[in-house]
Amino acid sequence: MTPLKSEDWRDASLSSRLGYAAGSLDRMPVQRMDPAFIAAEAARPDRRVVVFSGDAPLITAEGDCLFRPEMAEALGTATHELYLGRQSDLPVFARGIEPEPDAGEPSHGVASDLRMLAIEGSLDVSHVALLGLAKSLLSWHRRHGFCANCGARSEPVHGGWRRDCPSCNTEHFPRVDPVAIMLVTDGDRCLLGRQPRFATGSYSCLAGFIEPGETAENAVRREVMEEAGVQVGEVRFLASQAWPFPSSLMIGCHGNALSTAITIDRDELEDARWFPREELVQMIAGTHREGLKVPPGISIASGMLRHWAGTD
Ligand SMILES: [Zn+2]
């Protein structure tokens, strides 16, 4: 059972063109439930391993993120070993390590930063997607070692795609945190805001976590009202992006504004404004007269803004 890949249906969606999205991994969702299958995959000498020290992916001296098994083992003691699936028919595992003092010299692996790797474009995009998945899954295991129901230590099963509690039999699945992120427009202008932590001059789409009992559409309306005091009517899905910091799912929507007066929530935003489309084009091109700009090209905010501006 091989899942369809983007090339099978010529996926031209915006989602498929965003950072961390171009995965060609077959997750082997049925086979991975069989411990004998996982053991056979782990015994294959041609398997590949991505290695993380904490949240930092390790990169080979050749600039690759896929280690041969013996190289991965030399980097440090494994805290977690997870089965990701197959890429180009090779089994791929994720290994979380505790670095040892005498290991990890530059010839073996250099700690890197996943955001920087994605922005720089030095790695193949499918490898960036693979690292994003590995980072989210390893992070979940590090933070969820104990059963949330009874407090007993839980055990990974299915190659690491589930944790089971031996005490109360609760099954725990890797968490994904949905975030609504929205391009709100009023005719030919769009609503952007900036948080104090943003780079100087940078404006982006508003966003917020979706709450229990809430649709993505209502989360869009609530967040925009909370942060900017603008009422939103019709909301349509545009694109989504797995965002591995640590495990968000960004759900990108377009919202039609029903009101235009802005009331800024100063706890959330430093500024919010309506930007005419031609001004947005300048921000994307880096030619804005005030030096204003939009986020880097790998983010869904950037993807949605470029799409709307007609510059993608
Ligand atoms: Zn339990």
Side-chain angles (χ1 to χ4, degrees), residues 1 3 20 23 25-44 47-58 69 72-73 75-87 91-100 114 129-180 207-216 218-219 222 240-251:
M1 181 183 136
Y20 309 107
L25 181 78
D26 182 344
R27 297 171 180 232
M28 311 297 280
V30 176
Q31 298 92 329
R32 74 191 182 199
M33 290 189 263
D34 177 6
F37 172 80
I38 299 290
E41 294 284 270
R44 278 180 55 170
R47 70 187 185 280
R48 294 291 181 265
V49 187
V50 295
V51 183
F52 277 74
S53 175
D55 280 332
L58 301 191
E73 281 159 22
L75 289 168
T77 305
T79 54
H80 300 91
E81 186 101 36
L82 314 173
Y83 178 66
L84 300 183
R86 286 185 185 172
Q87 191 153 41
V92 182
F93 286 78
R95 186 179 173 93
I97 62 163
E98 284 181 5
E100 292 173 355
L114 187 53
L130 193 64
L131 288 177
L133 159 62
K135 179 177 177 298
S136 284
L137 207 53
L138 283 166
S139 164
W140 176 69
H141 282 279
R142 282 206 315 274
R143 295 159 203 244
H144 294 80
F146 294 88
C147 176
N149 188 46
C150 77
R153 180 176 286 282
S154 58
E155 295 295 332
V157 295
H158 298 179
W161 290 87
R162 200 175 86 189
R163 295 186 73 95
D164 286 358
C165 175
S167 178
C168 72
N169 297 321
T170 302
E171 298 171 352
H172 300 276
F173 292 88
R175 63 179 294 163
V176 176
D177 302 315
V179 175
F209 283 104
I210 298 175
E211 296 184 345
E214 190 173 48
T215 63
N218 281 339
R222 175 180 54 76
S240 65
Q241 181 183 38
W243 189 249
F245 304 98
S247 55
S248 293
L249 174 64
M250 310 301 289
I251 300 173

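Remember, it's 1-based here, ligands and their atoms both numbered in the order they're listed. Just so it is clear, the structure is predicted and the values come from calculations on it, not from any experiment. Counting begins at 1 with the first residue of the sequence.
Just one of Arg47, His158, Glu41, Arg32 meets the side-chain hydrogen bond (donor to acceptor under 3.5 Å, both in side chains) condition when paired with Tyr83; it is Glu41.
With sequence neighbours excluded, no residue satisfies side chain to side chain donor-acceptor pair (under 3.5 Å) with Arg48. Every residue two or more places apart in sequence or in another chain was checked for a side chain to side chain donor-acceptor pair (under 3.5 Å) with Arg153, and none qualifies. Listed by chain and residue number, nothing satisfies the side chain to side chain donor-acceptor pair (under 3.5 Å) test with Ser136 (two or more places apart in sequence, or in another chain).
Protein atoms that are N, O or S and lie under 2.8 Å from the Zn ion (ligand 1) are these: Cys147 SG, Cys150 SG, Cys165 SG, Cys168 SG.
Between Tyr20 and Trp243, the ring planes are perpendicular. Angles over 60° get that label, and only those under 30° would be called parallel.
For CZ of Arg44, the number of neighbouring non-hydrogen atoms (other residues, nucleotides, ligands) closer than 6.0 Å is greater than 12.
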